[in-house]
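The structure presented is a predicted model; accordingly, all values stated were derived computationally and were not measured.
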Amino acid sequence: RAGAGLTWAQLDAATQAHGLAVTGGRVSHTGIAGLTLGSGSGWLERMHGLTADNLLGATVVTADGGIVRAGAHEHPDLFWGLRGGGGNFGVVTEFELVLHPVGPTVVGGMLVFEWSRAPEVLADYREIMAAAPDELGGCAVLHRAPPAPFVPDNLIDEPVMSIVVAAFGDGAERLVAPLRALGPVADTVGPMPYAALQSMLDAGNPP
C-alpha cells in the first residue's frame with residue numbers, strides 16, 4: 001500500500017529492500033499517483049504490464065466528500081476508470097499495488113549510435129525486440145548526445161540515436177548481445193541496481 005504523495009524513488013527504495021518492484025516511471029522523481037492514474041509505462045511493462053495493470057485497489061475521496069475503496073469487487077466502475085482513465089474521478093489517497101520479484105541487480109545502460117545510422121538501427125531494433133523474451137525491455141531515443149564521459153568528443157551535443165537497455169533475470173547479459181552486435185559507438189550497459197536503472201534518465205528530465 002502506498003500513499004499518493006510518494007515518488008517512484010521512495011516506493012522503489014521501500015520495495016527493493018525486499019527484492020520487489022512494480023512497473024514504475026522511467027524518471028525517479030515522478031509521482032506514483034499521476035503515473036498510475038495515467039496508466040503507467042515503465043521498464044517492467046513487458047514482463048508485468050503497466051502500473052495500472054498492477055493496481056489491486058485504491059482509496060478515493062469522491063466529489064461529495066465521501067471515502068470509498070475501489071477494487072474489482074467494490075465500486076468496479078470507478079476502479080475501471082482509475083486504471084488509465086485519468087485523474088478526474090476523485091482524489092486517490094492510497095494505492096494498493098501488486099509487487100514482483102525484481103533485482104536488486106539488473107542489466108541496464110545506453111547504447112549510442114551515430115545519427116546517420118538511425119534508420120538502419122531502428123529497423124533492426126524493432127526486429128530484435130519483436131522476437132525478444134519479455135525479460136528484455138528498453139526504448140529507442142532520438143536526442144542530442146550529452147557531455148558525458150562515455151560520449152566521443154566529436155558527438156557531444158550532436159544528434160544521435162540511442163537504445164536504452166533494461167534487462168532482467170539470470171540471462172540478462174545474453175539478451176543484450178544482439179543489441180550490442182549492432183555496433184554502437186558508446187556502450188554503458190552493464191550490471192546495476194534496479195534503483196539506478198530507475199533513475200538513469202533523471203538528469204535529462206528535470207522536474
**Q.** Heavy-atom closest pair, residues Thr23 and Trp8
**A.** O-CH2, 3.5 Å
(Q) Tell me whether Arg180 is salt-bridged to Asp187, with the criterion being a basic N under 4.0 Å from an acidic carboxylate O. (A) yes
Q | Trp115 atom CH2, over 12 foreign heavy atoms within 6.0 Å | A | yes
Q. What's the shortest heavy-atom distance between Arg144 and Pro159, and which atoms?
A. NH1-CD, 3.6 Å
Q) Closest approach of Ala2 and Leu6, non-hydrogen atoms and distance? A) CB-CD1, 3.7 Å
Q) Would Leu82 and Leu37 satisfy side-chain contact (heavy atoms from CB on, under 4.5 Å), going step by step from the backbone distance to the final call? A) CA-CA 6 Å; Leu82 292 174; Leu37 297 174; 3.9 Å; yes
(Q) I need the Ile67 CD1 to Thr62 OG1 distance, nearest 0.5 Å. (A) 8.5 Å
Q. Going by an N to O cut-off under 4.0 Å, is there a salt bridge joining Glu94 and Arg69?
A. no
Q) Hey, does the side chain of Thr188 reach the backbone of Met110 with a donor-acceptor pair shorter than 3.5 angstrom? A) yes
(Q) Would you compute the distance between atom CG of Leu11 and atom CG of Leu97 and round it to the nearest 0.5 angstrom? (A) 7.0 Å
Q | His100, Glu45, Glu96 screened by side chain to side chain donor-acceptor pair (under 3.5 Å) with Asn54, the one that passes | A | His100
Q) If you look only at pairs with a residue in residues 133-180, which of them pass as a ring-ring contact (aromatic ring centres under 6.0 Å, His included), with sequence neighbours excluded? A) none
Q) Which is it for Ser41 and Arg26 under the side chain to side chain donor-acceptor pair (under 3.5 Å) test, yes or no, and what are the steps along the way? A) CA-CA 8 Å; Ser41 177; Arg26 295 180 176 89; 2.9 Å; yes
Q) Just how far is it from atom CG of Asp12 to atom OG1 of Thr7, taken to the nearest 0.5 Å? A) 8.5 Å
Q. Short question: side chain of Tyr125, backbone of Cys139 - any donor-acceptor pair under 3.5 Å?
A. yes
**Q.** Ser39 side chain to Gly84 backbone, donor-acceptor under 3.5 Å
**A.** no
Q) Is there a donor-acceptor contact under 3.5 Å from the side chain of Ser199 to the main chain of Ala196? A) yes
Q.
Please give me the minimum heavy-atom distance between Ala58 and Val92, naming the atom from each residue.
A. CB-CG1, 3.9 Å
Q | Greater than 12 external heavy atoms within 6.0 Å of Asn154's CG | A | yes
Q: Kindly give the heavy-atom pair with the smallest separation between Glu114 and Val185, and that separation in Å.
A: CD-CG1, 3.7 Å
Q) Do Glu127 side-chain atoms and Asp124 backbone N/O form a donor-acceptor pair below 3.5 Å? A) no
Q.
Test your reading of the model: is there a side-chain donor-acceptor pair from Gln16 to the backbone of Val102, 3.5 Å cut-off?
A. yes
Q. Has the side chain of Arg83 got a donor or acceptor atom that lies under 3.5 Å from a matching backbone atom of Asp53?
A. no
Q) Is the backbone N or O of Leu99 less than 3.5 Å from a side-chain atom of His48, with the two atoms forming a donor-acceptor pair by type? A) no
**Q.** Nearest non-hydrogen partners of Pro191 and Glu173, listed with the distance
**A.** CD-OE2, 3.6 Å
